[in-house]
**Q** 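My questions all concern the structure below.
Atoms within a ligand are numbered from 1 in the order they appear, just like the ligands themselves. Quick caveat: nothing in here was measured; it's all calculated off a predicted structure.
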Amino acid sequence: MMIQIPRGTQDILPEQVELWHKIEEHAKALCHLFNYQEIRTPIFESTDLFQRGVGDTTDIVQKEMYTFEDRGGRSLTLRPEGTASVVRSFVENKRYGLPDQPAKFFYNGPMFRYERPQSGRMRQFTQFGVEAIGSKDPAIDAEVISLAMQFYQGLGLKKLKLVINSLGDPESRKAHKEALVNHFKPSINEFCSDCQARLEKNPLRILDCKVDHDHPLMSTAPSILDFLNDESKDYFANVRQYLDAMEIHYVVDPTLVRGLDYYNHTTFEVMGEGFGAITTLMGGGRYNGLVSELGGPESPGIGFALSIERLILALQAEKVEIGQPKPIDCFIATIGERAKQEVPVIIYNLRREGISCDQDYMDRKIKAQFKQADRLNVPFVVVIGDEEIEKGVVNVKTMETGNQQEVEIQQLASYIKEHIS
Ligand code: HAM
């Protein structure tokens, strides 16, 4: 029986890989521009990290983690997101002690969530994310948001909507929490069992419930913005001022609570228009308590993550074409037995000179060899027959013009280098 790929995963085939490279290079160059440095953390971590970091009332921790016991009896989890790991590493490697603050990281790698697969929702997906840890300057909130916007715009996306909110500081959150409990408590029996459990523990999560999304009490729930204390209000106003000055357009949405527990103050998402059911391309926010929650000193942080899979859907929806596969420089077509014997060495020497090339390994007739060269879209076809071998020359055909030129074998590499545009 044929073995199939696991649900919610995908192969990225050679024709698509160039697009992935382009996106990764773009992300890397942009992070350099903003002075964010790459960090690579393990694919699996202690399960505790996500329970404490992401929060054990979240859907991610309750329903979506790939958790397993290793042979030593430890509970490990395939990372569902990158922030908790980056913060763990920041603490474990005592990066808070370095003079170079804030610490500005970026990452790009696979994440795993056991979700119901659909377009743009995978069980293995790739997140590009940034985390800036150590500063509570609202200017860095604006920097992180502007990096995300520049990332999308630089790839050619236009139909973007930036949504922002503030969840305030712990004091504001406490007041809002009480109001939420009072709002939902009388009718909590009408809600799912998860929401009932969330009522006392973390009522903010009720607002994020996928099951009770349309319950009338959702739209009338008290807004966090009405509970922000002066400090939180000022902070949010400062972030917005920076965004205004940068002419980054946004909409304030007081219902944007995000699906992870570590957030406070600024939260944001970028929505993409024009494809399937899923429109959130990116999400992020500030997490001032996470470093201390994971055993480090009080150290504020902010970041975002986005998946390359959803980005590619948005690029397709907006018909943005990038990442066409790059053809090799030339194809060697052979006629005759003697030429066939000599070509592997000729090709070996060309490659050593940095010329990308290939030859026929399928015993094709000359016409079919030219067809193969067409399929590869090469700029040059080098024809070598027994006669040419005798004379120490080859015939180079420039495909764009149809011109043919006899070239000495010794000069072949420099001829191609010279004529390639
Ligand atoms: P998140 O909202 O859970 O946040 O995920 C961020 C982004 O990852 C989403 O906007 C989406 O692009 C992508 N994503 C999430 N789940 C899937 C999935 N199943 N399939 C495809 N793409 C998906 C976080 O992960 C936070 N760590 C973001 C953050 C960084 N906050 C602060 N720093």
**Q** Do me a favour and list the nearest non-hydrogen protein atom to atom 11 (C) of ligand 1 with residue, atom name and distance?
**A** Arg310 NH1, 3.5 Å

**Q** Side-chain contact test, heavy atoms from C-beta onward, threshold under 4.5 Å: evaluate it for Tyr235 versus Ser166 and give yes or no.
**A** no

**Q** Tell me whether ligand 1 is touched by Gly129 - counting only heavy atoms on the residue side and a distance under 4.0 Å.
**A** no

**Q** Any heavy atom of Glu131 closer to ligand 1 than 4.0 angstrom?
**A** yes

**Q** May I ask you to say whether Lys136 pairs ionically with Asp141, meaning some side-chain N is under 4.0 Å from a carboxylate O?
**A** no

**Q** With a 4.5 Å cut-off on side-chain heavy atoms, are Arg258 and Glu269 touching?
**A** yes

**Q** Would you mind checking if Lys28 and Glu38 are paired as a salt bridge, meaning a charged N to carboxylate O distance below 4.0 Å?
**A** no

**Q** Which atoms of ligand 1 are found less than 4.0 Å from any heavy atom of Gly283?
**A** 10 (O), 28 (C), 29 (C)

**Q** Should Arg123 be listed as contacting ligand 1, given a heavy-atom distance under 4.0 Å as the test?
**A** no

**Q** Just which atoms of ligand 1 are under 4.0 Å from any heavy atom in Gly120?
**A** 20 (N), 21 (C), 22 (N)

**Q** Quick one: does Gly259 get a heavy atom under 4.0 Å from ligand 1?
**A** no

**Q** Is there a nitrogen or oxygen of Tyr287 sitting under 3.5 Å from a nitrogen or oxygen of ligand 1?
**A** no

**Q** Among protein heavy atoms, which lies nearest atom 20 (N) of ligand 1, and at what distance?
**A** Met122 N, 2.9 Å

**Q** From atom 16 (N) of ligand 1, work out which of Arg116, Arg113, Arg79 has a heavy atom at the shortest distance.
**A** Arg113

**Q** Flag the pair His265 / Asp169 as yes when at least one side-chain heavy-atom distance between them is below 4.5 Å, and no otherwise.
**A** yes

**Q** Looking only at non-hydrogen atoms, which of Gln118, Glu81, Gln127, Arg121 approaches atom 5 (O) of ligand 1 most closely?
**A** Gln127

**Q** Mind checking whether Thr126 and Asn108 have side chains closer than 4.5 Å, heavy atoms only?
**A** yes

**Q** Quick one: nearest non-hydrogen protein atom to atom 13 (C) of ligand 1, plus distance?
**A** Ser307 CB, 3.5 Å

**Q** Among Phe268, Phe125, Tyr262, which residue places a heavy atom closest to atom 17 (C) of ligand 1?
**A** Phe125

**Q** State whether the shortest distance between N or O atoms of Ala305 and N or O atoms of ligand 1 falls below 3.5 angstrom.
**A** no

**Q** At less than 4.0 angstrom from any non-hydrogen atom of Gly284, what atoms of ligand 1 do you find?
**A** 31 (N)

**Q** For Arg198, enumerate each residue passing the salt bridge (charged side-chain N to carboxylate O under 4.0 Å, His left out) test, keeping only those at least two apart in sequence or located in another chain.
**A** Asp59

**Q** Would a 4.5 Å heavy-atom cut-off, applied to side chains only, mark Phe50 and Thr58 as touching?
**A** no

**Q** Suppose I only count heavy atoms of Tyr263 and a 4.0 Å limit; which atoms of ligand 1 are within that range?
**A** 26 (C), 28 (C), 29 (C), 31 (N), 32 (C)

**Q** Between Phe128 and Phe151, is a ring-ring contact (aromatic ring centres under 6.0 Å, His included) present by the stated rule, with each step listed?
**A** CA-CA 10 Å; Phe128 159 56; Phe151 173 76; 5.0 Å; yes

**Q** Does Leu281 reach ligand 1 with a nitrogen or oxygen that is under 3.5 Å from one of the ligand's nitrogen or oxygen atoms?
**A** yes

**Q** Where is the nearest protein heavy atom to atom 19 (N) of ligand 1: which residue, which atom, and how far?
**A** Glu115 OE2, 2.6 Å

**Q** For atom 32 (C) of ligand 1, find the nearest protein heavy atom and state the residue, atom name and distance (0.1 Å precision).
**A** Gly303 O, 3.2 Å

**Q** With sequence neighbours left out, write down each residue that passes ring pair (Phe, Tyr, Trp, His ring centres under 6.0 Å) with Phe34, or none if nothing qualifies.
**A** none

**Q** Closer than 4.0 angstrom, basic N to acidic O: yes or no for Lys340 and Asp363?
**A** yes

**Q** Should Glu131 and Arg95 count as an ion pair when the cut-off is N to O under 4.0 Å?
**A** no

**Q** Nearest heavy atom to atom 4 (O) of ligand 1 wins, so pick from Glu309, Met271, Arg258.
**A** Arg258

